Amino acid sequence: MQQLGQMPDKQGYFGAYGGAYLPPQLTGIMKDIADKYEQIRNEKEFHEELYDLYTHYVGRPSPIFHARRLSQSQGGAQIYLKREDLNHTGAHKINHCLGEALLAKRLGKKKVIAETGAGQHGVALATAAALLGLECDIYMGEVDIEKEHPNVVRMKILGARVVPVSMGTRTLKDAVDACFMAYLEDPDTQLYCIGSVVGPHPFPAMVRDFQSVVGREAREQFLSMTGRLPDNLIACVGGGSNAIGLFSAFLEDTQVGMYGVEPSGLSFKPGEHAATMTMGKPGIIHGFRCYLIQDEKGEPLPVYSVASGLDYPGVGPQHSYLKDIERVHYVTASDKDAIDAFFMLSRVEGIIPALESAHAVAYALRLAPKLTPDRSILINLSGRGDKDIDFVVRKYGKDYGVEV
Ligand SMILES: *Cc1c(COP(=O)(O)O)cnc(C)c1O
């Protein structure tokens, strides 16, 4: 049995999940990245440089807020929010993009590259690249470029090159494929910066380590606010980076309950959800093994969520393992639950959450009334909702009395 705190093993496995399933040309390169990361992860200098940016650039530590009115509205447990929405760029992704960009510099690369779906990872990486003086290419499906205009403009203003992808369905999965191909062509001057705790080893471990600042801060802040640890943690799960960032500091505290919330979208019919761990089976995608929504041949199937940051057919290998050992409960919230929670948090606390984060809030609203008021729930509020407001009012505004 592996110790939770020491995972993954040398080959990047969390139990049966993770690893590095790569074309031969990339095996050596990925091993170099893993070795270099292993070397610098404990270097004082690297750590200080990263934490200096967290403090003075990102604005860390992000506060914890006791959402009293939201708690009262449910008449149960006390709900607290870890405010990752207050970070520079408005979400948790900047935490790992800065780490990856710093690593790129240490490796002597002059360019960082990545794919993006809704553009959130692209914007965060373009930001880190601008700050650290690196070139940045972002691969994006043509359909997404059309849909996510403001983020495309942001990336360009930040000096990144947005590379349109016209293969396949011209969305996220094709952008990943295009980015992999570009990386294969030139793995020497560029570093592929993966946007969550997914992909081949060492990325799931590395992105988790960069996000673990969230959990370490939260543990200390919550203890000093209340004198205790939170009874329950809740976070939304796309690839799983914001969730593992919070969970990682509490894995050994067996009295702390943990819930990862996946999107059940419109229904549990194929193509109408992205509830990977609820509906998927183990398989291989993008160079690693995890729970996967797949057909009989093991090919990933189309997935859907109203929150584009959550619609990925795979999930981080550590989450896959934590599900099997039942340390974390993986649950679901639908589009409708998330939209309800989006308006509820906006109107009761004056905080507009990202649609992704609204899934975590939705599950908290379901859990809180089952608990007594002396119990607590800490939600990772992974991002702010500014990016979603136009879409939400156009599609759902009428139902909530918003006419524009
Ligand atoms: C991208 C994103 C997510 C989903 O990614 P994880 O790796 O699962 O955290 C969640 N919330 C916000 C605000 C995002 O931008």
Side-chain angles (χ1 to χ4, degrees), residues 91 93 97 113-126 136-156 160-184 192-199 203 236-241 262-267 269-276 279-280 283-288 290-295 297-316 335 338 354-356 359 383 387-388 390-392 394-395:
K93 285 193 175 76
C97 285
I113 65 170
E115 75 287 340
T116 197
Q120 295 302 109
H121 177 53
V123 169
L125 189 62
C136 179
D137 286 354
I138 301 296
Y139 293 79
M140 192 168 183
E142 285 177 348
V143 170
D144 291 328
I145 289 180
E146 195 70 35
K147 253 169 68 184
E148 308 290 346
H149 185 68
N151 276 342
V152 174
V153 175
R154 270 184 204 110
M155 288 184 270
K156 290 184 175 174
R161 195 162 70 97
V162 178
V163 185
V165 176
S166 55
M167 308 183 293
T169 57
R170 301 181 293 149
T171 56
L172 178 63
K173 194 191 153 292
D174 311 293
V176 176
D177 294 339
C179 192
F180 249 105
M181 286 194 296
Y183 190 48
L184 270 175
Y192 188 173
C193 295
I194 292 178
S196 186
V197 283
V198 298
F203 283 91
C236 65
V237 176
S241 66
E262 300 190 304
S264 55
L266 298 170
S267 79
K269 283 192 219 132
E272 296 200 342
H273 67 85
T276 306
M279 302 298 286
I284 291 170
I285 182 172
H286 298 140
F288 71 108
C290 64
Y291 276 88
L292 178 66
I293 297 180
Q294 54 188 305
D295 64 16
K297 292 197 208 106
E299 284 300 310
L301 284 169
V303 287
Y304 159 84
S305 164
V306 70
S308 37
L310 301 182
D311 81 17
Y312 184 63
V315 66
D335 281 8
L355 281 177
E356 290 80 8
H359 285 73
K387 66 183 178 58
D388 298 314
D390 289 336
F391 169 80
V392 169
R394 219 182 310 122
K395 189 143 180 218

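Starting from 1, each residue takes its place in the sequence as its number. Computed from a predicted structure; not experimentally measured.
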Within this structure, what is the [atom1]-[atom2] distance for the pair [X] and [Y], rounded to the nearest 0.5 Å?
{"X": "Lys395", "Y": "Asp388", "atom1": "NZ", "atom2": "CG", "answer": "12.5 Å"}
{"X": "His149", "Y": "Arg154", "atom1": "NE2", "atom2": "CZ", "answer": "10.5 Å"}
{"X": "Thr116", "Y": "Asn151", "atom1": "OG1", "atom2": "CG", "answer": "7.0 Å"}
{"X": "Cys97", "Y": "Ile194", "atom1": "SG", "atom2": "CD1", "answer": "11.5 Å"}
{"X": "Gln294", "Y": "Ile284", "atom1": "CD", "atom2": "CD1", "answer": "9.5 Å"}
{"X": "Met279", "Y": "Lys269", "atom1": "CE", "atom2": "NZ", "answer": "11.5 Å"}

Are the side chains of [Y] and [X] in contact, using a 4.5 Å heavy-atom criterion?
{"X": "Leu355", "Y": "Val392", "result": "yes"}
{"X": "Glu146", "Y": "Val143", "result": "no"}
{"X": "Val198", "Y": "Cys290", "result": "no"}
{"X": "Tyr192", "Y": "Leu184", "result": "no"}

If only atom types and distance count, is the side chain of [X] paired as donor or acceptor with the main-chain N or O of [Y] below 3.5 Å?
{"X": "Asp174", "Y": "Val165", "value": "no"}
{"X": "Glu115", "Y": "Cys179", "value": "no"}
{"X": "Glu356", "Y": "Gly309", "value": "yes"}

For Lys93, the salt bridge (Lys or Arg N to Asp or Glu O under 4.0 Å) test, sequence neighbours excluded, returns none
Please give me the minimum heavy-atom distance between [X] and [Y], naming the atom from each residue.
{"X": "Pro263", "Y": "His359", "result": "CB-NE2, 3.7 Å"}
{"X": "Ser166", "Y": "Glu142", "result": "CB-OE2, 3.4 Å"}
{"X": "Thr276", "Y": "Tyr291", "result": "CG2-O, 3.2 Å"}
{"X": "Leu310", "Y": "Ala274", "result": "O-CB, 3.7 Å"}
{"X": "Ala114", "Y": "Cys193", "result": "CB-O, 3.4 Å"}
{"X": "Tyr139", "Y": "Ala182", "result": "OH-CB, 3.1 Å"}

Should the ring pair Phe180 and His286 be called parallel, tilted or perpendicular, given that the plane angle runs from 0 to 90° and is split at 30 and 60? parallel
Please tabulate, for side-chain N and O atoms in residues 298-308, each donor-acceptor pair with protein atoms closer than 3.5 Å (sequence neighbours left out).
from	atom 1	to	atom 2	distance (Å)
Tyr304	OH	Asp335	OD2	2.5
Ser305	OG	Ala307	N	2.9
Ser305	OG	Ala307	O	3.4

